[in-house]
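What follows is one structure encoded as structure tokens, with my remarks underneath.
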Amino acid sequence: MDSSTELVAFAASNSSLESGPNELAAPHLLSRQPSRFKGVVPQPNGRWGAQIYDRHARVWLGTFADEEIAARAYDVAAVRYRGREAITNFPGERVSAGELAFLAAHSRSEIVDMLRKHTYAAELRQGLRRGRGMGARAQPTPLWAWKLLFEKVVTPSDVGKLNRLVVPKQHAEKHFPLKRAPEEKTTGKGVLLNFEDGEGKVWRFRYSYWKSSQSYVLTKGWSRFVREKGLRAGDTVAFSQSVYGQQDNNQLLINYRKTPRKQQDEGPDDAIAAEARSIKLFGVDITGGGRKASEGHGEFLET
DNA sequence: GATTGTGTTGAC
DNA sequence: TCAACACAATCG
């Protein structure tokens, strides 16, 4: 059980928004303490959960190591669900017009998803950067703006229950240099990296080096990506880097390509659908998959 | 084994 | 609507 993960820091960490791994002091019964924030509930392990109620139903917004971060997550959801005048934990911090537009451009479930994945801040920043005028809706960075770093045909274990993708050593050391961390500065295991996918969504994975197996891996967050993209052994994932600002923010992209399969081997959806799903023009999906017209009625912020 | 987040209940 | 509490489902 030598899970000895060598903790290291990424040379130019492309973003490490908010709370790192939990760094609790006394995990035990310290959790009973109720939160001083609205929409925040203590978790048995000392962390904090955020939730909001929508029409009698609880909407879980995720768990956070920091109580205040959880409170901010609630605030974001409150504004998205109840509008600009919603009661929030930090009334003093006005919501910018840009953020309001960003919120309006995404469905409630999308915002909740970002909060749960802890990528809201990153997506907002990205959304504000492009979306300039009013396009509002997060547009994917065009494919020509990316430089391919490397690809990997995923193995069964990469898409299995292990929640980890082994990054081929040669590529890892060349493109994702893991520099020794300033000792204790690395509170958690490894480093958190954000990747934009072909649809403009942001994914966050933990990247670290497993000493026991002497391999570089993407762990936390990986299985969620596998699940949502329906990745299967044999499919290909590609990692690219923005051709812009090398030092700026080191934007990273993760894409995937499904390998055609016999219908009998296909899971829930067939190969036709899988292929149609990947037809894109300059990074923009022209197949019409589009947004899920979920959500109830009477939404605020909906234009 | 640890953590998440759902089930459920009872106040406000 | 909202959170306290218990604990099953899910995760790492």
Side-chain angles (χ1 to χ4, degrees), chain A residues 1-7 18-83 85-89 108-109 111-120 155-167 187-193 203-213 215-228 231 296 298-300:
Chain A
M1 50 184 79
D2 183 338
S3 61
S4 54
T5 53
E6 184 171 315
L7 310 191
E18 158 252 311
S19 68
N22 40 321
E23 46 209 78
L24 353 162
H28 260 58
L29 300 173
L30 190 72
S31 56
R32 289 288 79 116
Q33 173 193 185
S35 175
R36 60 180 187 285
F37 294 114
K38 182 179 177 62
V40 178
V41 293
Q43 288 299 90
N45 57 353
R47 286 165 64 83
W48 304 88
Q51 59 184 25
I52 188 171
Y53 283 80
D54 173 41
R55 211 269 175 210
H56 280 212
R58 170 177 50 201
V59 177
W60 189 251
L61 305 175
T63 59
F64 308 82
D66 182 25
E67 184 179 10
E68 191 176 302
I69 297 299
R72 290 178 186 288
Y74 171 84
D75 284 3
V76 169
V79 172
R80 180 61 185 79
Y81 277 77
R82 301 162 183 169
E85 299 306 311
I87 294 175
T88 60
N89 290 301
R108 290 176 175 183
S109 61
I111 295 300
V112 169
D113 205 55
M114 292 178 205
L115 294 173
R116 292 176 68 148
K117 290 192 303 182
H118 295 199
T119 61
Y120 178 77
T155 66
S157 63
D158 284 335
V159 296
K161 290 293 180 182
L162 280 51
N163 185 30
R164 67 107 176 86
L165 168 77
V166 172
V167 181
T187 51
K189 298 83 170 103
V191 78
L192 297 173
L193 296 180
W203 297 81
R204 156 178 287 200
F205 306 121
R206 180 176 299 291
Y207 175 58
S208 58
Y209 179 68
W210 280 357
K211 211 171 181 179
S212 59
S213 55
S215 54
Y216 294 87
V217 293
L218 287 182
T219 58
K220 195 164 188 281
W222 176 249
S223 61
R224 187 191 288 264
F225 181 81
V226 170
R227 197 186 322 136
E228 181 167 318
L231 282 188
E299 290 200 55
F300 288 86

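In what follows, every chain begins at residue 1, and chains take the letters A, B, ... in the order their sequences are listed.
The 5' end of DNA chain C is approached more closely, in terms of each residue's nearest nucleotide, by A:R55 than by the other of A:R55 and A:S35.
Checking C:dG12, C:dT1, B:dT6 against the side-chain heavy atoms of A:N163 singles out C:dG12 as nearest. Between B:dT3, C:dA4, C:dC2, one nucleotide has an atom nearer to the side chain of A:V41 than all others, and that is C:dA4. Side-chain atoms of A:H56 lie closest to C:dT1 of the nucleotides C:dT1, C:dA4, B:dG5. Minimum atom distance to the side chain of A:R47 is reached by B:dT3, of the listed B:dT3, C:dA3, B:dT6. Looking at the side chain of A:R82, the nearest of the listed nucleotides B:dT4, C:dC2, C:dA4 is C:dC2. Taking the side chain of A:S223 as heavy atoms from C-beta on, and the options C:dA4, C:dG12, C:dC2, the nearest nucleotide is C:dG12.
With hydrogens and angles left out, the side chain of A:R58 and the base of B:dG7 share a donor-acceptor pair within 3.5 Å. Between the side chain of A:Q51 and the base of B:dG5, no donor-acceptor pair of N or O atoms lies under 3.5 Å.
Between A:R227 atom CZ and C:dC11 atom P there is a gap of 5 Å when expressed in whole angstrom units. Following rounding to the nearest Å, A:Y53 (OH) and B:dT6 (C1') show an atom-to-atom distance of 10 Å. Residue A:F64 contributes atom CZ, which lies 17 Å from atom P of B:dT3 at whole-angstrom precision. Between the P atom of C:dA4 and the CH2 atom of A:W60 lies a distance of 11 Å, rounded to the nearest Å. When the C1' atom of B:dT3 is taken as reference, atom NZ of A:K220 falls 10 Å away, rounded to whole Å. The nearest whole Å value for the distance from the CG atom in A:N45 to the P atom in B:dG5 is 11 Å. As rounded to whole Å, 10 Å separates atom P of B:dG5 from atom CG of A:L61. The CG-P distance, from A:D54 to C:dT1, rounds to 7 Å in whole Å.
Residues A:R47 and A:E67 are not paired through a salt bridge, judged by the lack of any N-O separation under 4.0 Å between the basic side chain and the carboxylate.
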Stepwise, does the salt bridge (Lys or Arg N to Asp or Glu O under 4.0 Å) test hold for A:R72 with A:E68? CA-CA 6 Å; A:R72 290 178 186 288; A:E68 191 176 302; 3.1 Å; yes
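Contact annotation: A:T219 side-chain N/O to C:dG12 OP1/OP2 distance is not under 4.0 Å.
Taking each heavy atom of A:W48 and A:A70 in turn, the nearest pair found is CB-CB, 4.0 Å. Closest approach of A:N163 to A:S223, counting heavy atoms only: OD1-N, 2.7 Å. Nearest approach of A:Q51 to A:R58, heavy atoms of both residues: OE1-CD, 2.9 Å.
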